[in-house]
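Single-structure report; data block below.
Every chain is numbered from 1, with letters handed out A, B, ... down the list of sequences.
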2 protein chains.
Amino acid sequence: MSTLNSLSVEDLGSAAQRDRRKRILDATYELAREGGFDAVQMRAVADKAEVALGTLYRYFPSKIHLLVSALAREFERSQKSIATMDAVPGDTAAERVIFVMKRTTRGLQGDPRLTEALTRAFMFADASVATEIHTVGMLLTSMLTQAMRPGAEEPTAEDVAIARVIGDVWLSALVAWVTGRSTAAETGAHLETAVGLLLRD
Amino acid sequence: MSTLNSLSVEDLGSAAQRDRRKRILDATYELAREGGFDAVQMRAVADKAEVALGTLYRYFPSKIHLLVSALAREFERSQKSIATMDAVPGDTAAERVIFVMKRTTRGLQGDPRLTEALTRAFMFADASVATEIHTVGMLLTSMLTQAMRPGAEEPTAEDVAIARVIGDVWLSALVAWVTGRSTAAETGAHLETAVGLLLRD
DNA sequence: GCACAAACTGGAACGTGTTCCTATTATGGG
DNA sequence: CCCATAATAGGAACACGTTCCAGTTTGTGC
């Protein structure tokens with residue numbers, strides 16, 4: 001795996017290049033949604049994005065970078081959609097956190113193959129993808145701390161610690177789900193249990 | 001990926017077959033320890049175990065099955081070594097759980113490449129490896145519940161739930177560590193935080 | 001001890017991620 | 001506008017997981 005990073009939007013000077021990048025991520029997204037991790041084949045992505053294979057590798061140095069970048073883009077969209085809600089429903093922190101998790105999870109479980117592709121990529125990513133991974137981790141943590149303490153400017157250290165633990169459980173549960181080792185219902189129940197243990201008000 | 005399971009020791013009739021299986025797992029272990037996931041190449045394993053490639057695939061239907069089986073064998077050894085201790089040290093459940101986790105983690109972190117190989121395999125495993133994965137999950141859960149309530153015959157439902165959450169955090173932390181996204185110290189600290197949150201006596 | 005089935009060997013072959021190379025096309029400075 | 005440089009296209013080539021096959025060895029029931 002390469003040491004290079006994926007090219008971000010800011011790295012790209014011309015409009016044509018930004019468009020190529022978008023076409024590549026769109027193609028990745030669509031192939032992942034249709035056939036999961038295995039269907040995201042680099043030659044297929046290049047074809048669909050109307051880009052040469054070498055160009056694809058110039059933009060994203062590996063299949064993993066490509067998928068994790070696609071995951072980061074989806075997460076940003078999901079976070080924006082939650083951020084535009086006036087308030088997360090629920091009387092307790094636990095209820096609000098579960099709401100956010102369920103909403104995010106349901107979005108993902110509605111697209112099982114996409115989720116499989118992105119989760120696998122996330123789990124398989126090595127240090128060279130740390131930048132992209134960190135983006136996703138921060139987004140998730142901030143979604144959760146905001147649900148825990150709506151309106152607060154700065155989450156407490158304990159809030160962040162709890163959010164990270166919940167994020168870990170969520171990832172593990174997602175992995176178990178996408179790999180067919182547990183059902184969607186089990187995934188949800190396990191998450192609720194974990195949140196209940198961590199946020200007993 | 002195949003639907004078949006790995007051949008377990010009980011499936012193998014003759015001593016020669018049990019010996020082949022052992023040679024294969026030993027070769028896997030050694031290659032993983034030397035060079036991690038990438039170094040565990042099926043041709044290399046077959047060569048080192050002095051077995052034909054087709055035979056290797058008869059015993060373990062994929063590289064993932066092979067590595068997860070190797071992980072299961074290591075876990076059994078680790079659990080036995082802890083089980084032979086008179087008592088896990090520590091006054092509180094949290095202290096005892098942290099002791100067990102640290103001991104297991106240290107064993108793994110002493111062999112970073114091995115751990116990388118096994119963790120990656122675990123994360124990448126799909127439903128066809130469910131049997132092998134389940135074995136590992138049960139071992140981990142029982143190690144933890146025993147540390148929480150030493151001497152108890154049956155762990156409570158809450159004990160099991162907590163143990164599973166800790167297991168999830170541990171896996172996520174391990175993944176972050178083997179992929180170079182966090183240091184060993186951070187991994188340990190994160191685990192301690194999570195255990196502290198879950199087991200406040 | 002024989003005949004048959006199962007297991008094993010050795011290696012070819014295929015698919016997909018990745019690398020590399022050459023020719024062609026954009027891009028930006030003078 | 002022209003040149004130098006970078007970016008892209010198109011595709012061959014390589015590595016490794018996996019499958020498959022023909023021939024040989026091992027194990028089993030009689």
Between [N] atom [atom2] and [X] atom [atom1], what is the distance in whole Å?
X	N	atom1	atom2	value
A:Glu50	C:dT25	CD	P	17 Å
A:Leu53	C:dG17	CG	C1'	9 Å
A:Leu67	C:dT18	CG	P	10 Å
A:Asp47	C:dT16	CG	C1'	14 Å
B:Gln17	D:dT25	CD	C1'	13 Å
A:Asp38	D:dG17	CG	C1'	12 Å
B:Met42	C:dT9	CE	C1'	16 Å
A:Arg20	C:dA26	CZ	P	9 Å

Considering only [options], which nucleotide approaches the side chain of [X] most closely?
X	options	result
B:Gln41	D:dC16, C:dC8, D:dT18	D:dC16
A:Ala52	D:dT18, C:dG10, D:dG10	D:dG10
B:Tyr57	C:dT18, C:dA7, D:dG17	D:dG17

- In terms of heavy-atom contacts, does CZ of B:Arg181 have more than 12 from other residues, nucleotides or ligands at under 6.0 Å? yes
- How is A:Val45 classified with respect to the nucleic acid when contacts are heavy atoms under 4.0 Å: base, sugar-phosphate, or nothing?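 Answer is nothing: A:Val45 stays at 4.0 Å or more from every strand.
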- Pick base, sugar-phosphate or nothing for B:Arg43, based on heavy-atom distances below 4.0 Å to the nucleic acid.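 It contacts base atoms.
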- Item | Side-chain ion pair, B:Asp38 and B:Arg113, N-O less than 4.0 Å |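 B:Arg113 and B:Asp38: not salt-bridged.
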- Message: Assess whether a salt bridge exists between A:Arg20 and A:Glu50, defined as any Lys/Arg side-chain N lying under 4.0 Å from an Asp/Glu carboxylate O.
- Response: no
- Message: Would you say A:Thr187 and A:His190 are linked by a side-chain donor-acceptor pair, where the criterion is simply a distance under 3.5 Å?
- Response: no
- Would you say C:dT9 has OP1 or OP2 under 4.0 Å from some side-chain N or O of B:Thr55?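 Yes, B:Thr55 has a side-chain N/O under 4.0 Å of OP1/OP2 on C:dT9.
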- Taking every heavy atom of A:Phe37 against every heavy atom of A:Glu116, the minimum-distance pair comes out as N-OE1, 2.9 Å
